[in-house]
Amino acid sequence: MTKFMKAAIAEAELARDEGEVPVGAVVVLNGKIVGRGHNRVEALNDPTAHAEIIAITCACTFLSDQRLKDATLYVTLEPCPMCAGAIMLSRIKGCVYGTSDPIMGSLGSRYDIRRPELKVVGGVFSEECSNLLKEFFRDRRQEIV
């Protein structure tokens, strides 16, 4: 679990370095990363270009299958309603996330949009994931002033 969450954090750092909100995700199947993604909303001018969507799309393309039934998604921030929907539609079996999102979190914090069989683990590397977001938004506020 540690290795894969660290890979998601590395994706989040790429997002931060590109001026995006630092969220990263990886899809893991049979102990291997089959999809990676980080936020690309600003770069693509696309509000759906979240890390989870990109990682799921990448995994589906790599596997030539729209169903990821035995895969686990590792993501640095609890998924929003859109991303939780994509998790459900792709049949991912598990989601491990770093920090909770009390505003848009959709796997238990604010909303609970999931199939009963989806295994969810939250709080993995929570402090590290949370600090990436806090530092990013602190820096953004300082740029505005």
Side-chain angles (χ1 to χ4, degrees), residues 1-44 46-60 62-63 65-143:
M1 187 180 309
T2 297
K3 171 172 107 172
F4 300 125
M5 186 54 82
K6 287 193 178 277
I9 290 169
E11 288 291 324
E13 290 169 342
L14 288 173
R16 177 201 60 208
D17 295 346
E18 294 171 5
E20 302 275 355
V21 175
V23 178
V26 296
V27 176
V28 176
L29 181 65
N30 298 325
K32 295 182 179 154
I33 295 173
V34 295
R36 295 175 177 272
H38 57 274
N39 275 2
R40 305 268 300 149
V41 172
E42 300 296 330
L44 299 176
D46 181 356
T48 69
H50 288 196
E52 300 95 322
I53 301 294
I54 293 170
I56 289 169
T57 300
C58 181
C60 290
F62 178 76
L63 298 169
D65 194 347
Q66 64 176 310
R67 289 187 173 69
L68 304 171
K69 65 181 184 124
D70 293 321
T72 300
L73 176 72
Y74 291 80
V75 60
T76 57
L77 180 65
E78 181 183 4
C80 71
M82 175 185 67
C83 294
I87 290 166
M88 298 309 107
L89 291 170
S90 65
R91 310 295 196 272
I92 285 175
K93 75 170 183 177
C95 181
V96 178
Y97 67 84
T99 192
S100 298
D101 183 350
I103 297 170
M104 293 299 287
S106 296
L107 294 181
S109 291
R110 174 72 184 250
Y111 308 106
D112 198 356
I113 304 171
R114 61 178 156 165
R115 300 179 323 277
E117 64 272 15
L118 178 70
K119 295 177 180 148
V120 177
V121 176
V124 178
F125 287 95
S126 179
E127 189 172 331
E128 190 171 347
C129 295
S130 178
N131 285 341
L132 271 170
L133 290 161
K134 287 176 185 175
E135 290 168 11
F136 175 81
F137 287 112
R138 183 197 65 222
D139 292 348
R140 278 286 167 99
R141 283 189 297 275
Q142 288 176 352
E143 289 173 11

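Every value quoted in this text rests on a predicted model; they were computed, and no experiment measured them. Start at 1 with the first residue, then count along the sequence.
Nearest heavy atoms, Val26 versus Ala8: CG1-N, 4.1 Å. The shortest non-hydrogen separation linking Arg16 to Pro22 is CB-CB, 3.8 Å. The two atoms that bring Gly37 and Ala55 nearest to each other are N-CB, 3.7 Å, heavy atoms only. The shortest non-hydrogen separation linking Gly35 to Cys58 is CA-SG, 3.8 Å. Counting all heavy atoms, side chain and backbone alike, Leu118 lies closest to Cys95 at CD1-N, 4.2 Å. Residues Ala71 and Leu29 approach most closely at N-CD1, 3.9 Å, considering heavy atoms.
Residue pairs that meet the salt bridge (Lys or Arg N to Asp or Glu O under 4.0 Å) test with at least one member in residues 27-41, sequence neighbours left out, are Glu11-Arg36, Glu18-Arg40. Listed by first then second residue, pairs satisfying salt bridge (Lys or Arg N to Asp or Glu O under 4.0 Å) with a partner in residues 116-137 read Arg115-Glu117, not counting sequence neighbours. The ring pair (Phe, Tyr, Trp, His ring centres under 6.0 Å) pairs that include a residue from residues 84-123 number zero, where partners must be two or more places apart or lie in different chains. For the ring pair (Phe, Tyr, Trp, His ring centres under 6.0 Å) condition, no pair includes a residue of residues 113-137, sequence neighbours left out. Applying the salt bridge (Lys or Arg N to Asp or Glu O under 4.0 Å) definition to pairs two or more places apart or across chains, none involves residues 83-104.
Phe4 meets the ring-ring contact (aromatic ring centres under 6.0 Å, His included) test with Tyr74; sequence neighbours excluded. Residues passing the salt bridge (Lys or Arg N to Asp or Glu O under 4.0 Å) test with Asp70: none are found, sequence neighbours excluded. Thr48 is linked by a side-chain contact (heavy atoms from CB on, under 4.5 Å) to Asp46, Met82, counting only residues two or more places apart in sequence or in another chain. Residues passing the side chain to side chain donor-acceptor pair (under 3.5 Å) test with Arg114, sequence neighbours excluded: Asp112.
Annotation: side chain of Met5 is in contact with side chain of Val96 (closest heavy-atom distance under 4.5 Å). For the pair Val41 and Glu20, the minimum side-chain heavy-atom distance is below 4.5 Å. With a 4.5 Å cut-off on side-chain heavy atoms, Leu77 and Cys129 do not count as touching. You'll find the side chain of Pro79 stays beyond 4.5 Å of the side chain of Ser106, heavy atoms only.
Rounded to the nearest 0.5 Å, atoms CG (Leu68) and CG (Leu73) are 9.5 Å apart. For the atom pair CD1 of Ile92 and NZ of Lys69, the computed distance is 14.0 Å after rounding to the nearest 0.5 Å. The CG atom of Leu63 lies 11.0 Å from the OG atom of Ser90; values are rounded to the nearest 0.5 Å.
Formation of a donor-acceptor pair under 3.5 Å by the Glu78 side chain with backbone atoms of Leu107 is found in this model. Listed for the Asn39 side chain is a donor-acceptor partner under 3.5 Å among the backbone atoms of Val21. Side-chain atoms of Thr76 come within 3.5 Å of backbone N or O of Gly24 as a donor-acceptor pair.
Within 6.0 Å of the CG atom in Asn30, the count of heavy atoms belonging to other residues, nucleotides or ligands does not exceed 12.
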Margin query: Determine whether His38 and Ile54 satisfy the following criterion, side chain to side chain contact (heavy atoms under 4.5 Å, CB included), listing intermediate values before the conclusion.
Written below: CA-CA 7 Å; His38 57 274; Ile54 293 170; over 6 Å; no
